[in-house]
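Have a look at the structure that comes next, please.
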Amino acid sequence: MASVTGQDRAWLFRALQLFAAAGIALTVAVQLGLHNAFWAAMPVWVVAQPYRQDLLLRAILRIAGTLLGALIGWLVLVHVPSHAVWIAVLVLGAGLAGAAAYWIGTIYSYGVLLAAITLAVVLIPALDHPIDATALAADRVWCTLIGTVSVTVITFLFTPTRTDSHPLRLHPPAGVTLRHGVIIGVTTLLGALALLAIGGPAGIATAMALTIFSLIIGTSRNPTPILKYMPLGGAIGVAAAIAYRALDMALPDPEGMALLLALAFIAAGALVRAHPRLAPFGLDANMCFLLSAEAGTAGHGLSAHVQGGVALVISAFLFAAVFTRIGAKPQS
């Protein structure tokens with residue numbers, strides 16, 4: 001029988017931390033009756049960092065960015081009843097925030113990135129069907145607080161400190177910054193137009209994927225690893241989401257089993273995220289699983305989840321292929 005090495009113990013313990021943080025966050029959100037409870041587990045996979053200072057900074061920036069994006073989205077939906085204006089705000093917000101995040105180019109860009117992503121999360125569903133803007137924005141904020149506090153508290157003591165510090169920002173050429181902002185804005189516009197044309201779960205997933213993937217990839221100074229692992233990681237997450245929903249429907253009392261079943265999938269996701277060789281796929285796999293499955297909740301039926309998941313994967317592969325050709329070269 002093979003013995004468990006120190007390296008094995010390290011990544012297994014890390015997986016346990018991630019599972020505990022995501023599982024507790026999701027459970028708390030479900031018990032509080034938050035409509036999009038799966039959002040609470042999402043911060044865990046990206047706020048967790050190798051160093052303690054980065055963990056705290058990411059936590060602060062995620063909360064601040066989420067509050068800003070939710071506030072802007074809520075103001076627009078409540079006070080400006082026009083789809084054309086909503087799309088304009090979404091496109092300009094994504095493009096400008098994307099350019100600003102790329103211009104900063106360090107960990108400090110994370111707050112701007114989250115503001116744009118949260119704006120998309122609030123505005124995009126409203127382009128397809130009427131929503132309660134106040135409830136949606138509040139859900140997003142509460143879930144972010146729950147997930148961020150959970151991962152920070154659980155991983156803080158086990159995260160080492162770093163000896164150096166990050167620069168406030170890097171200095172990319174102005175033309176490259178503008179180009180990335182334009183790519184993000186145009187991609188977001190295409191996503192919004194696709195939503196208006198397609199509608200339903202597939203349309204929402206397409207718009208969400210094109211906006212969020214373009215923001216994540218377009219603001220990275222070295223997008224090559226993301227372009228390599230993100231599409232496949234997303235496909236793994238969507239496959240897991242479809243399996244989760246199929247099992248949830250097949251088991252007795254599927255609504256009551258949704259949370260317990262989600263915890264099993266989150267445990268598997270934590271192992272993937274923490275494993276040294278599988279970690280590059282783990283982030284996108286876990287995020288896309290939670291988003292496509294709406295894990296822990298009753299969901300919208302298997303067909304809707306399949307449509308949304310397939311649209312998400314197609315959008316990921318399509319954008320990755322296009323950005324590989326038109327995106328700027330990695331910047332130091």
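Everything quoted here is computed from the prediction, not taken from an experiment.
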Can you tell if the side chain of Val46 reaches within under 4.5 Å of the side chain of Arg62, non-hydrogen atoms only?
->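 Result yes, sub-4.5 Å side-chain heavy-atom pair found.
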
Test Ile226 against Phe213 for side chain to side chain contact (heavy atoms under 4.5 Å, CB included), laying out the working first.
-> CA-CA 10 Å; Ile226 306 176; Phe213 287 147; over 6 Å; no

Exam field: side chain Ser109 to backbone Gly105, donor-acceptor pair closer than 3.5 Å |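 Not a single qualifying donor-acceptor pair exists.
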
Tell me, which pairs form a side-chain hydrogen bond (donor to acceptor under 3.5 Å, both in side chains) where one or both residues lie in residues 201-216, sequence neighbours left out?
-> none

Return the minimal non-hydrogen interatomic distance between Leu127 and Ala192, and the atom names on each side.
->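 What the structure gives for the nearest pair is CD1-CB, 4.4 Å.
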
His305 and Ile242, any side-chain heavy atoms less than 4.5 Å apart = no

For residues Ser150 and Ala20, report the shortest heavy-atom separation together with the two atoms involved.
->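 Smallest interatomic distance, heavy atoms only, reads OG-O, 4.5 Å.
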
Between CZ on residue Arg58 and OG1 on residue Thr148, distance to nearest 0.5 Å |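 Here the rounded value is 11.0 Å.
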
Can you get from Ile314 to Ile204 by hopping between Ile, Leu, Val, Met, Phe, Trp and Tyr side chains that sit under 4.5 Å apart?
-> yes

In terms of hydrophobic clustering (I, L, V, M, F, W, Y; side-chain heavy atoms under 4.5 Å; direct or indirect links), are Tyr108 and Leu68 co-clustered?
-> yes

Sequence neighbours excluded, every pair satisfying ring pair (Phe, Tyr, Trp, His ring centres under 6.0 Å) that has a member inside residues 28-49 |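 As it turns out, there is no ring pair (Phe, Tyr, Trp, His ring centres under 6.0 Å) pair with a partner in residues 28-49 once direct neighbours are skipped.
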
Answer whether the closest heavy-atom distance between the side chains of Asp54 and Arg162 falls below 4.5 Å.
-> yes

Got a donor-acceptor contact below 3.5 angstrom from the Arg245 side chain to the Leu302 backbone?
-> no

Asn36 side, atom CG; Met42 side, atom CE - distance, nearest 0.5 Å =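 Result: 10.5 Å between the selected atoms.
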
Can you tell me how far OG of Ser315 sits from CD1 of Ile212, rounded to the nearest 0.5 angstrom?
->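 If I round to the nearest 0.5 Å, the distance is 11.0 Å.
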
Separation between CD1 of Ile124 and CD1 of Ile131, rounded to the nearest 0.5 Å |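 Reported to 0.5 Å precision, the distance equals 11.0 Å.
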
Path from Ile60 to Leu114 over hydrophobic side-chain contacts below 4.5 Å = no

Applied to residues 263-283, the side-chain hydrogen bond (donor to acceptor under 3.5 Å, both in side chains) test, sequence neighbours excluded, yields none

Which atom of Ile266 lies closest to which atom of Ala22, heavy atoms considered = CG2-CB, 3.7 Å

Other ILVMFWY residues reachable from Trp142 by side-chain steps of under 4.5 Å =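 Ile24, Val28, Leu32, Leu34, Ile63, Leu67, Val141, Leu145, Ile146, Ile154, listed by chain and number.
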
What's the spacing between Ser165 OG and Ile107 CD1 if we round to 0.5 Å?
->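 One finds 11.5 Å between OG of Ser165 and CD1 of Ile107.
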
Check: Leu12 and Leu271 side chains under 4.5 Å, non-hydrogen atoms | yes

Does the side chain of Met230 come within less than 4.5 Å of Phe317's, by heavy atoms?
->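 Of all side-chain heavy-atom pairs linking Met230 with Phe317, none is under 4.5 Å.
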
In terms of heavy-atom contacts, Ala100 and Val112 come closest through CB-CG1, 4.1 Å

Evaluate side chain to side chain contact (heavy atoms under 4.5 Å, CB included) for Thr219 paired with Ile104, printing each intermediate quantity in order.
-> CA-CA 9 Å; Thr219 59; Ile104 297 170; over 6 Å; no

Gap between atom CG of Leu260 and atom CG of Asp248 - 0.5 Å precision =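 Asp248 CG to Leu260 CG: 10.5 Å, rounded to 0.5 Å.
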
Leu215 vs Thr188 side-chain heavy atoms within contact, under 4.5 Å = no

Please assess Val238 against Val310 for the test side chain to side chain contact (heavy atoms under 4.5 Å, CB included), listing each intermediate value before the final yes or no.
-> CA-CA 8 Å; Val238 168; Val310 170; 5.7 Å; no

Verify the distance criterion only: is there a donor paired with an acceptor across the side chains of Gln31 and Thr27 at less than 3.5 Å?
-> no

How far apart are the closest heavy atoms of Glu294 and His300, and which atoms are they?
-> OE1-ND1, 2.8 Å

Flag, side chain of Arg52 to backbone of Thr159, donor-acceptor distance under 3.5 Å | yes

When clusters are formed from ILVMFWY side-chain contacts under 4.5 Å, directly or step by step, what else is grouped with Leu178?
->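 For the cluster that includes Leu178, the remaining residues are Val182, Val186, Leu190.
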
Taking only residues two or more places apart in sequence, or in another chain, which ones meet Arg169 in a salt bridge (Lys or Arg N to Asp or Glu O under 4.0 Å)?
-> none

Check the pair Leu283 / Met287 against side chain to side chain contact (heavy atoms under 4.5 Å, CB included), numbers first and verdict last.
-> CA-CA 6 Å; Leu283 175 59; Met287 298 293 274; 4.0 Å; yes

Under 3.5 Å: donor-acceptor pair, side chain of Asp128, backbone of Gly200 =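 At least one qualifying donor-acceptor pair exists.
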
Which atom of Thr324 lies closest to which atom of Leu227, heavy atoms considered =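 Minimum heavy-atom separation between Thr324 and Leu227: OG1-CD1, 3.9 Å.
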
Which pairs pass ring pair (Phe, Tyr, Trp, His ring centres under 6.0 Å) with one or both residues in residues 149-169, sequence neighbours excluded?
-> Phe13-Phe158

Flag the pair Cys288 / Leu312 as yes when at least one side-chain heavy-atom distance between them is below 4.5 Å, and no otherwise.
->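 Cys288 vs Leu312: side chains touch.
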
Which residues pass the side chain to side chain contact (heavy atoms under 4.5 Å, CB included) test with Thr177, sequence neighbours left out?
->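 For Thr177 the side chain to side chain contact (heavy atoms under 4.5 Å, CB included) partners, ignoring immediate neighbours, are Ala99, Tyr102, Trp103, Pro172.
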
Other than Val153, which residues form its hydrophobic cluster under the rule that side-chain heavy atoms must be closer than 4.5 Å?
->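 Val149, all in the cluster of Val153.
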
Flag the pair Arg140 / Ile117 as yes when at least one side-chain heavy-atom distance between them is below 4.5 Å, and no otherwise.
->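 They are in contact (side-chain heavy atoms under 4.5 Å apart), so the answer is yes.
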
Could you note down all residue pairs passing ring pair (Phe, Tyr, Trp, His ring centres under 6.0 Å) where residues 277-296 supplies at least one of them, sequence neighbours left out?
-> Tyr229-Phe281, Tyr244-Phe289, Phe265-Phe289

Other ILVMFWY residues reachable from Val272 by side-chain steps of under 4.5 Å | Leu278

Look at the side-chain heavy atoms of Ile, Leu, Val, Met, Phe, Trp and Tyr, link any pair under 4.5 Å apart, and say whether Leu210 and Leu96 land in one connected group.
->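 Hydrophobic grouping puts Leu210 apart from Leu96.
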
For Tyr51, does the OH atom sit with more than 12 other heavy atoms under 6.0 Å from it, leaving out its own atoms?
-> no

Tell me whether Val85 is reachable from Leu189 by hopping between hydrophobic residues (I, L, V, M, F, W, Y) whose side-chain heavy atoms are closer than 4.5 Å.
->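 Yes, one cluster joins them.
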
Applying side-chain hydrogen bond (donor to acceptor under 3.5 Å, both in side chains), which residue pairs with at least one partner in residues 71-94 are found, sequence neighbours left out?
-> Trp74-Thr134

